[in-house]
**Q** 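Take this structure first; my questions come after.
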Number of protein chains: 2
Amino acid sequence: MHTLSASLEDYAEAIWILGLRGRVVRVKDIGEFLSVKSPSVVGALKVLVAKGLITHERYGYIELSQEGEVLAWEVYRKHKTLAKFFNEILGIDLATAARDACAIEHCVSDSTVKRIAMFIRFAETVPDEQAPWLAAFHDYVRESVESNQEGAGDDLCEAVTSEAAIMLDMIPAGREANVVRVAGRKDIKRRLLDMGIIPGVKVRMERVAPAGDPVDVVVKGHHLSLRKAEAGAVMVEENG
Amino acid sequence: MHTLSASLEDYAEAIWILGLRGRVVRVKDIGEFLSVKSPSVVGALKVLVAKGLITHERYGYIELSQEGEVLAWEVYRKHKTLAKFFNEILGIDLATAARDACAIEHCVSDSTVKRIAMFIRFAETVPDEQAPWLAAFHDYVRESVESNQEGAGDDLCEAVTSEAAIMLDMIPAGREANVVRVAGRKDIKRRLLDMGIIPGVKVRMERVAPAGDPVDVVVKGHHLSLRKAEAGAVMVEENG
DNA sequence: TATAAATGTTAGGCGTGCCTAATATATCCG
DNA sequence: CGGATATATTAGGCACGCCTAACATTTATA
Ligand SMILES: [Mn+2]
Ligand SMILES: [Mn+2]
Ligand SMILES: [Mn+2]
Ligand SMILES: [Mn+2]
């Protein structure tokens, strides 16, 4: 079995797709299809010939071998599955769906593509009483897109995956939190770490001065007074 | 704004993730994290320094600049969003989800990731009456995995995206179909195309000899007699 | 058939990203 | 302090995948 680079997979896939036209496939066709120049195509074809995936007679046209057909078809199948999922399930426009699919097809695992195919099948075959969820999702998308005045809700990915981490200077007095990350300038970071403010430890906000500067916190029984800039460099997650 | 290669994005992301430990980030850490040797790390760091995304003093440790922090965080955010979708929605095991996410994060578009985040949020917030669909999907997966005796149903991707194309020699007499693709050996392909069997045309199966060889078909009013090997090279899609 | 146009190939170069081997610096510890 | 050890850097090389320029071959056309 051969393992092809992303680039070579694209060449094989291109030959497959161009073959669908029912015309002979030539160097120029591939170059245009993939937006590369002819010498690049010729170089790639040499490799594919050496691997036994295509036949190519000098100055002639190109054909996939039996092994090459299988390989190209597997790439193309991934492409179609991903594109269909993006377009029909997620509601992404066709051009973006195709572009993303053709990039992802080379690095996604077989098992994940298969699971996505299962998802598509499920969405298509789930009984009607349970089915409105997909329509509901598309409504949800439409409403979000309409209400989002360009930029608002830009951090949806973060909201969706975060453990709701915020900076230590935002914690009100009396509350506890766990340190997630210590950022900030080198000197500040060093000082904070030296004081025992390291990821995983629990901190309790003891007192906050009027302007939020300084703040008193308790770490492992020790009282510490932090400047606002220091507290602002500590990412914490409120527990509870 | 900088556009980084997949490799450089991984270096930036690695620095971010290693920063989460709360310890200083060093060349060795990055090398181990990304499974590359130190000289590779040093080379990459030089590029990131030149782009103003990190600071790195000789023989010292490494820090993301403000711009670098934004960039790394965006990569990491994609990673987390994709991994969460794969694991929690599709039910893929954590290791595979993480591996695929860290490959895809570099080539998927922002808009697609955002739409995936919307899907996650939707799945988490959709009212309970509409909600059983996700649980139903997970049941569907479990049943499929259990019933699939290793290999059966391997073509789910194909089933899900295909237009149900089959070979011409499988069409019963009297039925019509559309040509989707002409494959096969060069000489066979050439002959078929010359006879007018090209993608898009309608063919009607006229008569099938006892062993399926030869078959008579009608293409654009012309009667043709095809050997089984020839008919087997024509991919068609039954219409209706 | 002769010439022009289109297409394909070769040669050579460049950027990226990885490696190994050798060397330089920092850190640890007796 | 001084050597042993850990870590970082440089130098040099290789595979890949793209490019341009120059040249070869095929195909179209007069
Ligand atoms: Mn592709
Ligand atoms: Mn593709
Ligand atoms: Mn990655
Ligand atoms: Mn990642």
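To find a chain, count down the sequence lines: A is the first, B the second, and so on, and within it residues start at 1.
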**Q** Going by heavy atoms closer than 4.0 Å, what residues in residues 27-39 of chain B are next to DNA chain D?
**A**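 Nucleic-acid contacts, sorted: B:V27, B:K28, B:S38, B:P39.
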**Q** When you look at B:F119 and A:F119, which way does the ring pair (Phe, Tyr, Trp, His ring centres under 6.0 Å) test go after all the steps?
**A** CA-CA 13 Å; B:F119 196 94; A:F119 196 93; 5.7 Å; yes
**Q** Is the shortest side-chain N/O distance from A:S40 to OP1 or OP2 of D:dC19 below 4.0 Å?
**A**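 Answer is yes, contact under 4.0 Å.
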**Q** Please state how far atom CD in B:E57 lies from atom P in C:dT25, giving the value in whole angstrom units.
**A**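 About 15 Å, once rounded to whole Å.
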**Q** Write down the distance between NZ (B:K46) and C1' (C:dG15), rounded to a whole number of angstrom.
**A**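 Those two atoms, NZ and C1', are 16 Å apart.
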**Q** Would you say that more than 12 heavy atoms from the other residues, nucleotides or ligands in this model lie under 6.0 Å from the CZ of B:R23, or not?
**A**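 At most 12 heavy atoms, drawn from other residues, nucleotides or ligands, come within 6.0 Å of this atom.
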**Q** Could you check how far CG of A:L4 sits from P of D:dA15, rounded to whole Å?
**A**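 These atoms are roughly 18 Å apart.
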**Q** Looking at B:R58, I'd like to know whether one of its side-chain N or O atoms comes within less than 4.0 Å of OP1 or OP2 on D:dT10.
**A**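 For B:R58, the contact criterion (side-chain N or O under 4.0 Å from OP1 or OP2 of D:dT10) is met.
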**Q** Using whole Å, what does the distance between atom C1' of nucleotide C:dG17 and atom OH of B:Y11 come to?
**A**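 That distance rounds to 7 Å.
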**Q** Can you confirm whether the side chains of B:H79 and B:E13 place a donor and an acceptor under 3.5 Å from each other?
**A**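 Indeed, the side chains of B:H79 and B:E13 share at least one donor-acceptor pair under 3.5 Å.
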**Q** Which whole-number value in Å describes the distance from B:D10 CG to C:dT16 P?
**A**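 In whole Å, C:dT16 P and B:D10 CG are 17 Å from each other.
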**Q** For the helix from C:dT1-D:dA30 to C:dG30-D:dC1, measure the angle between the helix axis at one end and the axis at the other, each built from five pairs, rounding to 10°.
**A**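 For the helix from C:dT1-D:dA30 to C:dG30-D:dC1, the axes at opposite ends meet at about 0°.
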**Q** Any carboxylate oxygen within less than 4.0 angstrom of a Lys/Arg side-chain nitrogen, looking at A:R204 and A:E206?
**A**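 So A:R204 pairs with A:E206 through a salt bridge.
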**Q** Taking NE2 from A:H106 and P from D:dG17, how many angstroms apart are they, rounded to a whole number?
**A**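 Atom NE2 in A:H106 sits about 11 Å away from atom P in D:dG17.
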**Q** Could you measure the distance from the CG atom of B:L48 to the CG atom of B:L4? Nearest 0.5 Å is fine.
**A**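 Nearest 0.5 Å value for the CG-CG distance: 6.5 Å.
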**Q** Check this one for me: any side-chain N or O of B:S7 less than 4.0 Å away from OP1 or OP2 of C:dC18?
**A**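 True: B:S7 side-chain N/O within range (under 4.0 Å) of C:dC18 OP1/OP2.
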**Q** Could you pull out all residues at least two apart from A:D100 that satisfy salt bridge (Lys or Arg N to Asp or Glu O under 4.0 Å)?
**A**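 Once residues adjacent in sequence are excluded, A:D100 has no partner under the salt bridge (Lys or Arg N to Asp or Glu O under 4.0 Å) criterion.
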**Q** Between B:A44 and B:Y59, which has a closest nucleotide on DNA chain C that is more 5'?
**A**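 Nearer the 5' end of the strand: B:A44.
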**Q** If only atom types and distance count, is the side chain of A:R115 paired as donor or acceptor with the main-chain N or O of B:L90 below 3.5 Å?
**A**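 Yes.
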**Q** Where the side chain of B:R26 is defined as all heavy atoms beyond and including C-beta, which of D:dT7, C:dT10, C:dG8 is the nearest nucleotide?
**A**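 Nearest to the side-chain atoms of B:R26, counting from C-beta on, is D:dT7.
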**Q** Rounded to the nearest Å, what distance is computed from the OH atom of residue A:Y61 to the P atom of nucleotide C:dA6?
**A**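 To the nearest whole Å, that distance equals 23 Å.
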**Q** Salt bridge between A:E74 and A:K78, side-chain N to carboxylate O under 4.0 Å?
**A**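 Answer for the salt bridge query: no.
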**Q** Counting only N and O atoms by type, is there a donor-acceptor contact under 3.5 Å from the side chain of A:E69 to the main-chain atoms of A:Q66?
**A**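 No; judged by distance alone, with no hydrogens or angles, the pair does not exist.
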